[in-house]
Amino acid sequence: MKPNDSGEGAMAHEFNGSEPRRSRSFSLPGSAESSLRRRSLSLSGAVAPRADEDVENESVSQAGDIGDRALNSNRYSDGSVCFLADNVINNGVVAPIPEDALLQSYWFSSHDPAFSNEISPVSPLPSEIVASLSTNAVLHSGDKSLGTKKGLPWSLEYVSCLLHLAVFGILGVLTRYALQKLFGPGLAAVTSDQSILYLDLPSNMVGSFLMGWFGVVFKADITSVSDLLTIGLTTGYLGSLTTFSGWNQKMLDLSVHGHWVFSALGFLLGLFLAAYSLIFGVETAKGFRWLLRRLNLSSRSIISSSGRNWRVDSCERHLAVMLVMVLMLGLLWGLSGVLEVKEFNSGGHGAQLWLACFVGPIGVWIRWFLARLNGRGLGRAGLLKWIPFGTLIANVSAACVMAALAILKKVVTTQTCDTIATGIQFGLLGCLSTVSTFIAEFDAMRQSKHPWRAYAYAMITIVTSFGLGTLIYSVPVWTKGYD
């Protein structure tokens, strides 16, 4: 089957009485064309409220993280959401559209109108969906690898993703520690344990700001180089740079001494500053993108030209990147282990930091795995799909374990217990919980058709974590009289 002679054609679809835009299309057999026409017409003019709701809920989870579902959707295997058209046609072969391509464009276009000109939103015209594919994306019906992309086998890709998360997670732990020291009492004296400006506030703000850059505006650009790099940057680095459990514990420390007003203000101020850090990051990134266009450049053209040699699009390059990640993780873990053994007996901040670097990746892996629950809802019926249960469980569970270790340090007053407990708190629990993803989901809900959900989600996360933390930490302190 051949395309028309001009290479440009318009597939005849009725769409609310308007003529569809012209796009490259291909001739189809009568049965295939009528089947596609029925699917497009049934879903284009009037999208079912339930389907529209599912798309919105999934777009919220895409704004944050969907865990290992991202690997599945990249291979066109996850069909949890009904799209306006579920296939594209190239040379007579029907191939499914990747889930992320539409959902991410829905999220990005709401923040960057210029981006919506490059990738259609979730509700494009049918003729826009049945568009041309590059020759590299053509899938042949006789190919046994139909539905897979070039690169590593799925099992090795999964391992490579874990390596990316571990390496970037450790880098996030180190950056969070550096920001604590920089803005803490030792240097700038902006933050402290006895103030609503808690120690992790700068890292939560910086991580949310960078999420606006790398997790919203330029996420598609980074993904075009490497899917795993995107996961490593957003879920690994920014998720570990920010921490919800540390924030919650500092508010518990204020409330346990009777500073309830400061504790409430600390939550409000922390939420406000993190949310506006994300917004400021999005706006500055959009400004930078505009500047590139003013210079007759574009982030996509830069990647497609100068960045072509860096694109990880073959098995050899995947293996090379995987080898680099193995070496980096071995170096970081080896260095952390040597320094931990050297400084453990001293019980200082160094011993706590190196232990945190060693156990931090475990927290990242657990959070990434839990993120597969985002956008799925409860039970088979998928109740409350608008709540990202993966992120919620990660933040609440990390806050509870953080509180339990805090009370343990008061019960067992030894240097060894303090070093181990603090290292686990800062590393594993700091990486298990996240503010950057939480704020990205909050902002996506705030811009949806149901903005009240953003504040309900924030209240559920904060009230549940603080309430359980009070039972686990504050009540024993009050009843037992711990200092």
Side-chain angles (χ1 to χ4, degrees), residues 64-65 169-170 172-173 175-177 179-180 191 193 196-208 235-256 263 266-267 269-271 273-274 352-353 355-357 359-371 388-410 418 420-442 457-474 477:
D65 190 12
I170 294 175
V173 170
T175 306
R176 175 153 43 95
Y177 180 82
L179 290 174
Q180 272 196 7
T191 61
D193 286 326
I196 60 175
L197 301 177
Y198 57 98
L199 290 176
D200 290 317
L201 179 59
S203 61
N204 286 345
M205 292 177 62
V206 171
S208 299
T235 304
Y237 180 71
L238 299 181
S240 301
L241 172 59
T242 60
T243 172
F244 179 83
S245 58
W247 177 18
N248 185 76
Q249 187 59 40
K250 296 306 177 184
M251 298 306 105
L252 285 173
D253 289 335
L254 289 175
S255 66
V256 80
S263 180
F267 277 120
L269 182 64
L271 182 64
L273 291 178
Q352 299 167 1
L353 172 63
L355 178 60
C357 291
V359 300
I362 301 175
V364 182
W365 292 335
I366 296 174
R367 172 162 49 83
W368 183 65
F369 184 79
L370 288 174
F389 282 102
T391 306
L392 178 64
I393 293 173
N395 282 338
V396 172
S397 61
C400 291
V401 179
M402 176 83 77
L405 290 177
I407 195 65
L408 177 64
K409 290 193 293 184
K410 293 183 178 295
D418 185 73
I420 296 176
T422 304
I424 294 175
Q425 285 179 318
F426 193 80
L428 191 150
L429 301 178
C431 293
L432 173 59
S433 63
T434 177
V435 169
S436 58
T437 301
F438 167 68
I439 291 298
E441 295 162 346
F442 173 86
Y457 173 49
M459 287 295 295
I460 292 172
T461 302
I462 292 174
V463 171
T464 304
S465 300
F466 187 78
L468 293 176
T470 300
L471 294 175
I472 297 171
Y473 175 74
S474 301
V477 170

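Residue numbers count from 1 along this sequence.
Side chain of S397 to main chain of A394: a donor-acceptor pair is present (N/O by atom type, distance under 3.5 Å, no hydrogens or angles). Between the side chain of R176 and the backbone N or O of S240, at least one donor-acceptor pair lies under 3.5 Å. Within the 3.5 Å criterion, the main-chain N or O of M205 finds no donor-acceptor partner in the side chain of S208. A donor-acceptor distance shorter than 3.5 angstrom exists from the side chain of T242 to the backbone of S436, with no hydrogens or angles considered.
Shortest non-hydrogen contact noted between A274 and V435 is CB-CG1, 4.0 Å. Here the closest heavy-atom approach between residue F438 and residue A458 is recorded as CZ-CA, 3.9 Å. Nearest heavy-atom pair, M251 versus G266, reported as atom, atom and distance to 0.1 Å: SD-CA, 3.5 Å. Heavy-atom minimum distance, V173 versus A356: CG1-CB, 4.2 Å. Of all heavy-atom pairs spanning A421 and K409, the tightest one is CB-CG, 3.6 Å. Between Q249 and A406 the shortest heavy-atom distance is NE2-CB, 3.5 Å.
Ring orientation note: the planes of F267 and F466 are nearly perpendicular, at an angle over 60° on the 30°/60° scale.
Considering CG of N248 and OG1 of T470, their distance stands at 8.0 Å, rounded to 0.5 Å. Note that the CG atom of L432 and the CG atom of L370 stand 7.0 Å from one another [nearest 0.5 Å]. Taken from CG in L252 to CG in L468, the straight-line distance is 10.0 Å, to the nearest 0.5 Å. To the nearest 0.5 Å, atoms CG (D418) and CD (Q425) are separated by 8.5 Å. One finds the CG atom of L428 at 7.5 Å from the SG atom of C431 (value rounded to the nearest 0.5 Å). Atom CD1 of residue I366 and atom CZ of residue F369 lie 10.5 Å apart, to the nearest 0.5 angstrom.
In this structure, a donor-acceptor pair under 3.5 Å is present between the side chains of S245 and S433. Side-chain N/O atoms of T235 and D65 include a donor and acceptor closer than 3.5 Å.
Looking only at side-chain heavy atoms (C-beta outward), L392 and F389 come within less than 4.5 Å of each other. Between S203 and T175 there is no side-chain heavy-atom pair separated by less than 4.5 Å. A heavy-atom distance below 4.5 Å is not found between the side chains of N204 and F244. Using a 4.5 Å heavy-atom cutoff, the side chains of T437 and L238 are not in contact. Proximity of Y457 to T391: side-chain heavy atoms (C-beta onward) are separated by under 4.5 Å at one or more points.
Applying the ring-ring contact (aromatic ring centres under 6.0 Å, His included) rule to Y198 yields the partners W247; only residues at least two apart in sequence or on another chain are considered. L199 pairs by the side chain to side chain contact (heavy atoms under 4.5 Å, CB included) definition with Q180, P185, T191, D193, K250, not counting sequence neighbours.
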Could you please spell out the steps behind the side chain to side chain contact (heavy atoms under 4.5 Å, CB included) verdict for L269 and L197? CA-CA 8 Å; L269 182 64; L197 301 177; 3.6 Å; yes
Could you go through the side chain to side chain contact (heavy atoms under 4.5 Å, CB included) check for V396 and I460 one step at a time? CA-CA 10 Å; V396 172; I460 292 172; over 6 Å; no
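The side chain to side chain contact (heavy atoms under 4.5 Å, CB included) test with D200 is passed by exactly one of L179, L241, T243: T243.
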